[in-house]
Amino acid sequence: MVPVPNFSSLEGRVVLITGGTGHIGSALADGFLAVGCSVATADLTDREHPSGSDTARFMHTTVDLTDTGSSAALVNGTVERFGQLDVVVTAASWMGTDATPGWNAPFAEQDEGLWPEVLQVGATSVFSLVKHAAPHLANSSDGSVVLLSSIYGFCAPQPAMYQGTGINNIAGYAASKGAVGQLARWLSTTLAPDVRVNSVSPGGVFRDQDQTFVERYVERTPLGRMATEDDLVGPVLFLASDLSRYITGHDLIVDGGFSVW
């Protein structure tokens with residue numbers, strides 16, 4: 001019998017993840033480390049070394065992605081440390097808080113003055129990072145880019161789901177994620193055939209949101225729950241691995257069926 005290659009193996013690959021201290025970015029970093037990758041993460045805040053993993057296979061850089069020079073520095077730092085770059089995952093988004101005026105607000109009160117920074121972190125920095133990483137990814141026989149988008153990059157909000165919860169669907173966030181989805185398609189043909197580029201569009205991730213909102217969301221979701229960060233690890237590893245070696249320009253929707261209606 002001819003042996004079947006282990007297409008799922010990511011052993012020895014080098015992965016750069018932006019948004020590495022966020023909920024999703026941290027879970028992805030842990031996932032890549034667990035399957036034998038070396039991982040470089042980047043974010044606004046510092047991060048301790050993940051417990052139980054080889055310190056030689058992890059590095060973190062504190063960086064502001066609104067700085068136009070940060071992309072080249074991240075790529076160069078990763079290659080200097082690990083000698084190569086095989087996978088780029090962009091999980092960073094500009095995320096305001098309830099205390100950010102004009103962010104988590106009803107439509108008429110949302111502040112478009114925040115949009116330049118939202119789009120810089122969510123879309124422009126993605127383009128810049130991939131542009132600087134492209135030569136290294138092309139030199140790898142396993143070059144892959146995975147951009148984290150959102151179902152709200154292609155779905156409209158359902159106002160009734162948010163009514164009375166204090167949670168709002170943010171237009172600037174949706175616009176930045178729509179840009180990411182199109183950017184993945186654009187990059188997939190631009191970097192072909194040497195580098196594959198795909199996106200992942202998660203549905204709502206449970207983070208102790210208002211109970212009424214959660215109940216409404218779950219009611220609209222065929223799998224009967226919101227996502228967890230761990231639900232996104234498998235899809236991203238899949239798109240980074242040779243299991244998806246003939247997939248590029250694809251948006252993998254990971255939403256429990258929320259958008260299928």
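Just so you know, these numbers use all the heavy atoms, side chains as well, and skip hydrogens, waters and symmetry mates. The residues of the chain are indexed from 1 along the displayed sequence.
Judged by distance alone, the side chain of Asn76 and the main-chain N or O of Ala73 form no donor-acceptor pair under 3.5 Å.
Here the shortest heavy-atom pairing between Ser241 and Leu10 reads CA-CD2, 3.7 Å.
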- prompt: When you look at Tyr217 and Ile167, which way does the side chain to side chain contact (heavy atoms under 4.5 Å, CB included) test go after all the steps?
  reply: CA-CA 12 Å; Tyr217 193 98; Ile167 302 172; over 6 Å; no

message: Using side chain to side chain donor-acceptor pair (under 3.5 Å), reason through Ser93 and Lys177 one step at a time and then give a plain yes or no.
response: CA-CA 9 Å; Ser93 292; Lys177 292 304 184 182; 2.8 Å; yes

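Glu219 CD: 12 or fewer foreign heavy atoms inside a 6.0 Å radius. Around atom CZ of Arg81, more than 12 heavy atoms belonging to other residues, nucleotides or ligands sit under 6.0 Å away.
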Exercise answer: donor-acceptor pairs, residues 128-137 side-chain atoms, under 3.5 Å, sequence neighbours excluded:
{"unit_1": "Ser128", "atom_1": "OG", "unit_2": "Ser71", "atom_2": "OG", "d": "3.0"}

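Looking at Asp210 and Thr165, their side chains never bring a donor and an acceptor atom within 3.5 Å of each other. Side chain to side chain, Asp64 and Thr66 meet the donor-acceptor criterion of an N or O pair below 3.5 Å. In this model, no donor atom of one side chain and acceptor atom of the other lie less than 3.5 Å apart for Ser149 and Ser199.
Electrostatic pairing of Arg13 and Asp242 counts as a salt bridge here, judged by a charged N lying under 4.0 Å from a carboxylate O.
Considering Ile253, Val146, Leu28 in turn, Val146 is the only one that fulfils the side chain to side chain contact (heavy atoms under 4.5 Å, CB included) rule with Val200.
Residues Pro202 and Leu148 have side chains in contact (heavy-atom distance under 4.5 Å, counting atoms from C-beta outward).
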